Structures are given as structure tokens and as C-alpha cells.
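Okay, structure first, notes after.
Side chains included, hydrogens not; waters and symmetry mates left out as well; all remaining heavy atoms used. Just so you know, residue 1 is the first one in the sequence shown, and it goes up from there. In this text, all values refer to a predicted model and were calculated from it rather than measured experimentally.
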Amino acid sequence: TPLHSAVFSGHVEMVKLMIDLGCKLDAGILYERVRRIMQDGLTPFLLAALKGQTLICGYLCALLPPEALNAVDKHSRNALMLALSGGHLD
């Protein structure tokens with residue numbers, strides 16, 4: 001999704017703008033639909049953790065419900081595991 005692209009590239013201001021303009025981050029039906037569409041199960045939050053995008057992770061943490069923060073990818077890796085696998089210890 002465009003949000004995934006902004007997260008992947010580390011564009012904090014673009015992530016904020018997209019969310020301000022209505023990009024959905026809720027953990028309801030939309031969250032599950034997006035999760036199924038992404039082949040590896042990486043949500044924007046999980047992708048930010050994998051890429052070591054700490055500013056984006058912090059921003060998303062403030063917006064997402066707890067169940068979205070506890071999400072896992074198709075290999076059952078959570079945000080902390082993904083960050084560590086990417087060598088990001090921040």
C-alpha cells in the first residue's frame with residue numbers, strides 16, 4: 001500500500017500526512033484484510049520495526065490499538081523480533 005511504501009522509505013512526514021488524511025490504522029476488519037493481502041503479513045508497524053524506522057514506530061505506537069501492536073507476520077514474528085532480525089537494537 002502507499003502507507004507501506006512511505007514506512008519502508010522512512011518518510012515520517014508522509015506517514016503522518018497519510019494518517020491525517022484518513023489512512024486507516026484500526027485493528028478491525030480493514031486491518032485483517034490488509035494483513036491477508038500482504039504476502040508476508042507485514043503491517044506498516046511491523047515493516048517499520050524491520051527497517052529500523054524508530055520515529056515511525058513511535059508515531060504508530062501512539063495511534064494503534066494494543067492488538068495491532070501485538071501483530072505477527074506469517075512466520076509469527078512480532079515487531080521486536082523483526083527489529084532484532086534487522087539488526088536494529090534501538
Side-chain angles (χ1 to χ4, degrees):
T1 67
L3 181 59
H4 282 81
S5 294
V7 169
F8 184 84
S9 301
H11 296 293
V12 177
E13 294 304 317
M14 183 57 72
V15 170
K16 290 180 180 181
L17 177 63
M18 293 171 109
I19 291 168
D20 288 346
L21 292 175
C23 183
K24 301 293 184 194
L25 291 173
D26 66 343
I29 294 170
L30 177 64
Y31 170 77
E32 287 303 319
R33 195 175 304 154
V34 168
R35 185 175 139 86
R36 280 194 299 268
I37 290 170
M38 297 303 297
Q39 182 181 20
D40 51 10
L42 289 176
T43 63
F45 177 64
L46 292 177
L47 182 59
L50 177 65
K51 297 292 291 177
Q53 304 291 352
T54 55
L55 292 176
I56 294 173
C57 282
Y59 180 70
L60 294 177
C61 279
L63 298 176
L64 291 168
E67 57 269 23
L69 297 177
N70 293 323
V72 295
D73 68 3
K74 75 175 188 175
H75 302 290
S76 299
R77 299 175 298 181
N78 63 22
L80 178 59
M81 295 167 76
L82 288 166
L84 292 174
S85 74
H88 308 292
L89 305 177
D90 298 342

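Heavy atoms only, all atoms of each residue included: M14 and A6 are closest at CG-CB, 3.9 Å. Looking at every heavy atom in both residues, Y59 comes nearest to K16 through CZ-CG, 3.4 Å. Residue L3 comes nearest to C23 through the heavy atom pair CD2-SG, 3.5 Å, listed as atom of the first residue, atom of the second, then distance. Pairing each heavy atom of C61 with each of F45, the nearest pair is SG-CE1, 3.5 Å. Taking every heavy atom of both residues into account, A49 and A79 meet most closely at CB-O, 3.4 Å. Annotation for L50 and S85: closest pair CD1-OG, 3.8 Å, computed over non-hydrogen atoms.
With a 4.5 Å cut-off on side-chain heavy atoms, H11 and V15 do not count as touching. Residues L42 and L82 form a side-chain contact, since some pair of their non-hydrogen atoms from C-beta on lies under 4.5 Å apart.
Considering CG of N78 and CG of D73, their distance stands at 9.0 Å, rounded to 0.5 Å.
Side-chain N or O atoms of H88 include one that pairs as donor or acceptor with a backbone N or O of G86 at under 3.5 Å.
Residue L17 is grouped with residue I19 when hydrophobic side chains (ILVMFWY) are merged at heavy-atom distances under 4.5 angstrom, including chains of intermediate members. The cluster map of Ile, Leu, Val, Met, Phe, Trp and Tyr, joined by side-chain heavy atoms under 4.5 Å apart, puts L89 and L55 in different clusters. A single hydrophobic cluster is not seen to contain both M81 and V72; linkage of ILVMFWY side chains at heavy-atom distances under 4.5 Å, directly or through other members, places them apart. L64 and L80 end up in different hydrophobic clusters when Ile, Leu, Val, Met, Phe, Trp and Tyr side chains are linked at under 4.5 Å. By the criterion of side-chain heavy atoms lying less than 4.5 angstrom apart, applied directly or through intervening Ile, Leu, Val, Met, Phe, Trp or Tyr residues, I56 is not grouped with L84; the two fall into different hydrophobic clusters.
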